[in-house]
Asks: 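Okay, here's the structure, questions in a sec.
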Amino acid sequence: MNKVIQLKVVDVVVWAVSLLFAFGLLIGEAMADSDSFTATNKKWAAECGSCHIAYPPQLLPAASWRRIMAGLDRHFGSDASLDAASAAEIGAFLERNAGHGKRGRGEPLRITESRWFLHKHDEVRASAWKNPQVKSAANCGACHAGAARGDFDDDAVRIPR
Ligand code: HEC
Ligand code: HEC
C-alpha cells in the first residue's frame with residue numbers, strides 16, 4: 001500500500017470507531033431513561049414481592065435502599081424483617097442496581113415521594129389517587145398493568161375510573 005491510501009484507511013477506521021462510540025452513548029442514554037426494569041433476584045422477588053410488587057431497584061437511590069433495609073422491622077407500619085443472610089443478599093442486589101441520574105437524587109424513603117415520581121405523575125388528578133381501585137400511590141399496578149413485570153412504559157398506563 002502506498003502512504004496516501006494507508007492514511008485514508010486509518011481515517012476511515014477512526015471515523016467508524018467514533019461513530020460506533022457515539023451510537024453506544026446514545027443507546028446507553030436511552031437505556032438509562034428506559035421505563036422497563038428487568039434486573040431480578042429470586043430472594044428479592046419472593047421476599048419483597050409478597051405484600052406489594054417488588055419495586056424495581058432502579059426507582060430509588062442506593063442511600064434510600066440502605067435506609068429501607070435498615071428499618072425492615074418497622075416498615076411503613078408493617079414488620080418485614082428478614083434473616084441476616086437474605087437481608088444482605090437483597091440489600092446488595094438493590095444497591096447494585098439502584099437508580100442513577102434523576103432517580104439517584106436524595107434519599108427518599110418512598111418512591112412515591114421522590115422528585116422524579118412527582119414530576120412524572122404531575123398530571124394525575126388528586127381524585128385518581130383516592131379512587132378505591134387505587135387506594136395508594138404505592139399501588140403501581142392499579143394504573144401500570146405491567147408493574148409486577150417491571151414494565152412502567154407510558155404506552156400501557158390506564159387510570160381506573
Ligand atoms: C409484610 C409486608 C411487607 C413486606 C414483606 C415488604 N413490604 Fe414494603 N411496604 C409494605 C407496606 C404496607 C408499605 C406501604 C404501602 C402503602 O403506602 O400503600 C410498603 C412500602 C414500601 C415502599 C414504598 C412504596 C412507595 O410509597 O413508594 C418500598 C420502597 C418498599 N415497601 C420496599 C420493600 C422492600 C425492598 C421489601 C423487601 C426487603 C419490602 N418492601 C417488603 C409492606 C411490606
Ligand atoms: C393513579 C394511577 C397511577 C399509579 C397508582 C401509578 N402511576 Fe405511574 N404513571 C401514571 C400516569 C398517568 C403516568 C404518565 C404517563 C404519560 O406520561 O403519559 C405515569 C408514569 C410513570 C412513569 C414514567 C413512564 C414513562 O414512560 O415516562 C413511571 C416510571 C411510573 N409511572 C412509575 C410508577 C410507579 C413505580 C408507581 C408505584 C410506586 C406508579 N407509577 C403508580 C399513573 C399511575
Side-chain angles (χ1 to χ4, degrees), residues 22-161:
F23 199 64
L25 281 182
L26 272 177
I27 295 197
E29 188 75 2
M31 304 255 287
D33 204 38
S34 155
D35 291 299
S36 207
F37 308 102
T38 49
T40 192
N41 168 284
K42 276 206 183 113
K43 275 235 163 72
W44 161 78
E47 303 289 355
C48 304
S50 59
C51 297
H52 44 65
I53 63 154
Y55 299 115
Q58 292 87 346
L59 301 186
L60 281 175
S64 298
W65 290 124
R66 267 195 294 280
R67 282 180 72 193
I68 288 174
M69 294 306 290
L72 285 181
D73 54 334
R74 38 200 162 79
H75 178 78
F76 305 99
S78 294
D79 183 355
S81 317
L82 289 170
D83 61 277
S86 304
E89 179 179 336
I90 292 171
F93 164 74
L94 290 169
E95 288 189 38
R96 195 166 56 245
N97 295 287
H100 292 292
K102 63 185 196 293
R103 293 189 187 121
R105 297 195 189 123
E107 44 182 274
L109 257 192
R110 285 180 176 270
I111 297 162
T112 52
E113 281 169 357
S114 46
R115 284 181 56 186
W116 72 263
F117 183 96
L118 298 172
H119 174 68
K120 284 281 183 188
H121 295 85
D122 61 0
E123 278 167 24
V124 178
R125 280 198 273 136
S127 59
W129 301 116
K130 298 201 185 96
N131 183 321
Q133 292 178 67
V134 177
K135 292 196 285 276
S136 161
N139 185 13
C140 320
C143 305
H144 296 276
R149 295 191 308 276
D151 180 4
F152 292 90
D153 203 276
D154 51 7
D155 296 340
V157 177
R158 197 191 64 88
I159 300 177
R161 304 195 180 271

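Whatever order the structure lists them in is the order used to number ligands and atoms, beginning at 1.
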Asks: Answer whether the closest heavy-atom distance between the side chains of Asp35 and Asp154 falls below 4.5 Å.
Replies: no

Asks: Going by atom types only, do Ser136 and Asn139 share a side-chain donor-acceptor pair under 3.5 Å?
Replies: no

Asks: If you define the side chain from C-beta out and look only at heavy atoms, does anything of Trp44 sit under 4.5 Å from Pro57?
Replies: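 With C-beta onward as the side chain, the pair touches.
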
Asks: Have a look at ligand 2 and work out which part of Asp35, if any, has a heavy atom under 4.0 Å from it: side chain, backbone, both or neither.
Replies: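 Just the side chain.
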
Asks: Restricting to pairs with a member in residues 106-115, which pass side-chain hydrogen bond (donor to acceptor under 3.5 Å, both in side chains), not counting sequence neighbours?
Replies: Ser114-Trp116

Asks: Ignoring hydrogens and angles, tell me if any N or O in the side chain of Asp122 forms a donor-acceptor pair with the backbone of Leu118 under 3.5 Å.
Replies: no

Asks: Find the distance between OG (Ser36) and CG (Asp155) and round it off to the nearest 0.5 Å.
Replies: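 Taking OG in Ser36 and CG in Asp155, the distance rounds to 10.5 Å.
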
Asks: Suppose I only count heavy atoms of Val157 and a 4.0 Å limit; which atoms of ligand 2 are within that range?
Replies: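 Close to Val157: 10 (C), 11 (C), 12 (C), 42 (C).
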
Asks: Numbering the atoms of ligand 2 from 1, which are under 4.0 Å from a heavy atom of Cys143?
Replies: 1 (C), 2 (C), 3 (C), 4 (C), 5 (C), 42 (C), 43 (C)

Asks: Distances only, to 0.1 Å: what are the N or O pairs between ligand 1 and the protein that fall under 3.5 Å?
Replies:
{"residue": "ligand 1", "atom": "7 (N)", "partner": "His52", "partner atom": "NE2", "Å": "2.8"}
{"residue": "ligand 1", "atom": "7 (N)", "partner": "His75", "partner atom": "NE2", "Å": "2.9"}
{"residue": "ligand 1", "atom": "9 (N)", "partner": "His52", "partner atom": "NE2", "Å": "2.8"}
{"residue": "ligand 1", "atom": "9 (N)", "partner": "His75", "partner atom": "NE2", "Å": "2.8"}
{"residue": "ligand 1", "atom": "17 (O)", "partner": "Arg110", "partner atom": "NH1", "Å": "2.9"}
{"residue": "ligand 1", "atom": "17 (O)", "partner": "Arg110", "partner atom": "NH2", "Å": "3.0"}
{"residue": "ligand 1", "atom": "18 (O)", "partner": "Ser136", "partner atom": "OG", "Å": "2.7"}
{"residue": "ligand 1", "atom": "26 (O)", "partner": "Arg110", "partner atom": "NH1", "Å": "2.6"}
{"residue": "ligand 1", "atom": "26 (O)", "partner": "Thr112", "partner atom": "OG1", "Å": "2.7"}
{"residue": "ligand 1", "atom": "27 (O)", "partner": "Ile111", "partner atom": "N", "Å": "2.8"}
{"residue": "ligand 1", "atom": "27 (O)", "partner": "Thr112", "partner atom": "N", "Å": "2.9"}
{"residue": "ligand 1", "atom": "27 (O)", "partner": "Thr112", "partner atom": "OG1", "Å": "3.2"}
{"residue": "ligand 1", "atom": "31 (N)", "partner": "His52", "partner atom": "NE2", "Å": "2.9"}
{"residue": "ligand 1", "atom": "31 (N)", "partner": "His75", "partner atom": "NE2", "Å": "2.8"}
{"residue": "ligand 1", "atom": "40 (N)", "partner": "His52", "partner atom": "NE2", "Å": "2.9"}
{"residue": "ligand 1", "atom": "40 (N)", "partner": "His75", "partner atom": "NE2", "Å": "2.8"}

Asks: Taking it one step at a time, do Trp129 and His121 satisfy side-chain contact (heavy atoms from CB on, under 4.5 Å)?
Replies: CA-CA 10 Å; Trp129 301 116; His121 295 85; 3.7 Å; yes

Asks: Where's the contact between His121 and ligand 2, heavy-atom distance under 4.0 Å: side chain, backbone, both or neither?
Replies: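 Only the side chain of His121 comes within reach of ligand 2.
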
Asks: Just how far is it from atom CD1 of Ile68 to atom CG of Leu60, taken to the nearest 0.5 Å?
Replies: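 The CD1 atom of Ile68 sits 5.0 Å away from the CG atom of Leu60.
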
Asks: For ligand 2, which atoms have a heavy atom of Lys120 less than 4.0 angstrom away?
Replies: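 In order of number, 14 (C), 23 (C), 27 (O).
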
Asks: Please report the interatomic distance NZ(Lys102) to NZ(Lys120), rounded to the nearest 0.5 Å.
Replies: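 These two atoms lie 5.0 Å from each other.
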
Asks: Under a 4.0 Å heavy-atom limit, does Trp116 contact ligand 2 with its side chain, its backbone, both, or neither?
Replies: side chain

